Protein chains: 2
Amino acid sequence: MILSTKGRYGLKMMFELAKKHGNGTMSLKDIAKNQELSETYLEQLISHLRKAGLVNSIRGAQGGYELSKTPSEITVGEIIRTLEGPLAPSDCVVDNEPECTKAGYCVTRPIWERIMESINSVIDSITLQDMINDFQKLILTKEGENERE
Amino acid sequence: MILSTKGRYGLKMMFELAKKHGNGTMSLKDIAKNQELSETYLEQLISHLRKAGLVNSIRGAQGGYELSKTPSEITVGEIIRTLEGPLAPSDCVVDNEPECTKAGYCVTRPIWERIMESINSVIDSITLQDMINDFQKLILTKEGENERE
DNA sequence: TGAAATCCGAGTTAATAACTAGGGATTCGG
DNA sequence: CCGAATCCCTAGTTATTAACTCGGATTTCA
């Protein structure tokens, strides 16, 4: 029930771009360096994010990536679902299969549906801007702690 | 982000035992037949459920399994976590690693924590008795539909 | 023009999921 | 007391997938 690196790394990438938002593009090289991840692997991931319209790319030297919208307009849910597909605990829920058993009903299915809904409601309620806000609050706290030492 | 067959089959097994609860034991053979699953595979799964104290087993001919408690005392969460381990979207959340990055903080971690909490709150709020109630309601509805035809 | 970047598809490797196999131990019914 | 039914346990197998890597093409700026 773990999220793959696609979703996890993808969100970290998007957070890097969110911090940079409004200040031009950022190269994949820098994103990879900041998050200590493989550049060639991130390349694949960001390609999906671009095709989904979440980031813009500028090719050629001095090129890079940038968010296509402001951080407050992009949710964690969009990012993760773009890279992972639907976050369903069982395939039957996403494919909307008529019934998994020949009995005509499945007792576990409503449970998978409720889990999926609850996950989605969490990740759809968080935007990149929220992450930035939390991040800055954390930084301020840490600085305060250091001063008091 | 899919649940493995361990959790999915395990829950189906426990539901079979819950229906039978109060009427003696049920053999693995019958459980497997009812749910159309591999008997030898289910054997492994139920072994964990037994060690976790969720089911009792009676060995020998005419033996079988039964719930160790009443259906209302067993939650879906207990069953799934027994078979799947903690339902965390990232390992860092379950191992309680101090920090994943050398920067001293991780912006994505609070999100994984919130997802985990939300999944757990769903599955911990559903008992086997709830599943039985839903199941019986469904049966009655179907019967009603048939009568009206 | 050449270095820096994005773009693209295919290939590799290691881990894991999902079983299967085989034999041992226990218990009941006849 | 025997044999069939059942649980118990460990190890092996197979297929899939995750997590990358690689090579090269294209674009653009300086």
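Computed from a predicted model, the values in this text were never measured in an experiment. Below, read A as the first sequence line, B as the second, and so on, with proteins coming before strands; counting in each chain starts at 1.
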- Item | Distance, rounded to the nearest Å, where B:Ile2 contributes CD1 and C:dA17 contributes C1' | 12 Å
- Atom-pair distance (CG on B:Leu37; C1' on C:dA17), nearest Å: 15 Å
- Query: Nearest to the side chain of A:Ala61 - C:dA4, D:dA25, C:dT27?
  - Reply: C:dA4
- Query: Which comes earlier along DNA chain D counting from the 5' end, the contact point of A:Tyr41 or that of B:Gly63, where each point is its nearest nucleotide?
  - Reply: B:Gly63
- Could you check whether A:Thr40 gets within reach of a base, just the sugar-phosphate, or nothing at all, counting any heavy atom under 4.0 Å? base
- Message: On DNA chain D, does the nearest nucleotide to A:Gln44 precede the nearest nucleotide to B:Met26 from the 5' side, or the other way round? Give the residue.
- Response: B:Met26
- Message: Without decimals, in angstroms, what is the distance between B:Leu3 CG and C:dT16 P?
- Response: 17 Å
- Is it the case that more than 12 heavy atoms not belonging to A:Lys29 sit under 6.0 Å from its NZ atom? no
- Note on the structure: Rounded to whole Å, CG of B:Leu42 lies from P of C:dC19 at a distance of 9 Å
- C:dA17 OP1/OP2 closer than 4.0 Å to side-chain N/O of B:Tyr9: no
- note: B:Ile58, atom CD1; C:dC28, atom P; distance rounded to Å ~ 10 Å
- Would you mind reading off the distance between A:Gln62 atom CD and C:dT6 atom P, rounded to a whole angstrom? 11 Å
- Calculate the interatomic distance between A:Glu36 atom CD and D:dC20 atom C1'; express it in whole Å. 17 Å
- Query: When you check the phosphate oxygens OP1 and OP2 of C:dT6, does a side-chain N or O of A:Arg50 lie under 4.0 Å from one of them?
  - Reply: no
- Do B:Ser118 and A:Ser118 have side-chain atoms, one donor and one acceptor, less than 3.5 Å apart? yes
- Where A:Leu11 and A:Met131 come nearest, the two heavy atoms and their spacing: CD1-SD, 3.9 Å
- Would you mind classifying the nucleic acid contact of A:Leu28 as base, sugar-phosphate or nothing, using non-hydrogen atoms under 4.0 angstrom? sugar-phosphate
- Note on the structure: Side-chain contact check for A:Ser57: nearest option of C:dC19, C:dA5, C:dC7 is C:dC7
- Query: B:Leu45 and B:Leu83: which non-hydrogen atoms are nearest, and at how many Å?
  - Reply: O-CD2, 3.5 Å
- Message: Looking at B:Lys12 and B:Glu16, is there a salt bridge between them, counting it only when a charged N and a carboxylate O are closer than 4.0 Å?
- Response: no
- Item | Residue whose nearest DNA chain C nucleotide is more 5′ - A:Glu43 or B:Glu39 | A:Glu43
- Item | Side-chain donor/acceptor of A:Glu84 to backbone N/O of A:Arg81, under 3.5 Å | no
- Task: Please state whether the phosphate of D:dA19, meaning OP1 or OP2, lies under 4.0 angstrom from any side-chain nitrogen or oxygen of A:Ser4.
- Result: yes
- Query: If you check the A:Lys51 side chain, which of C:dC19, C:dA25, C:dC8 turns out closest?
  - Reply: C:dC8
- Query: Separation of B:Met13 atom CE from C:dA18 atom C1', in whole Å?
  - Reply: 13 Å
- Contact under 4.0 Å: B:Thr5 side-chain N or O vs C:dA18 OP1/OP2: yes
- Item | Base of D:dT26 paired with side chain of A:Arg59 (donor-acceptor, under 3.5 Å) | yes
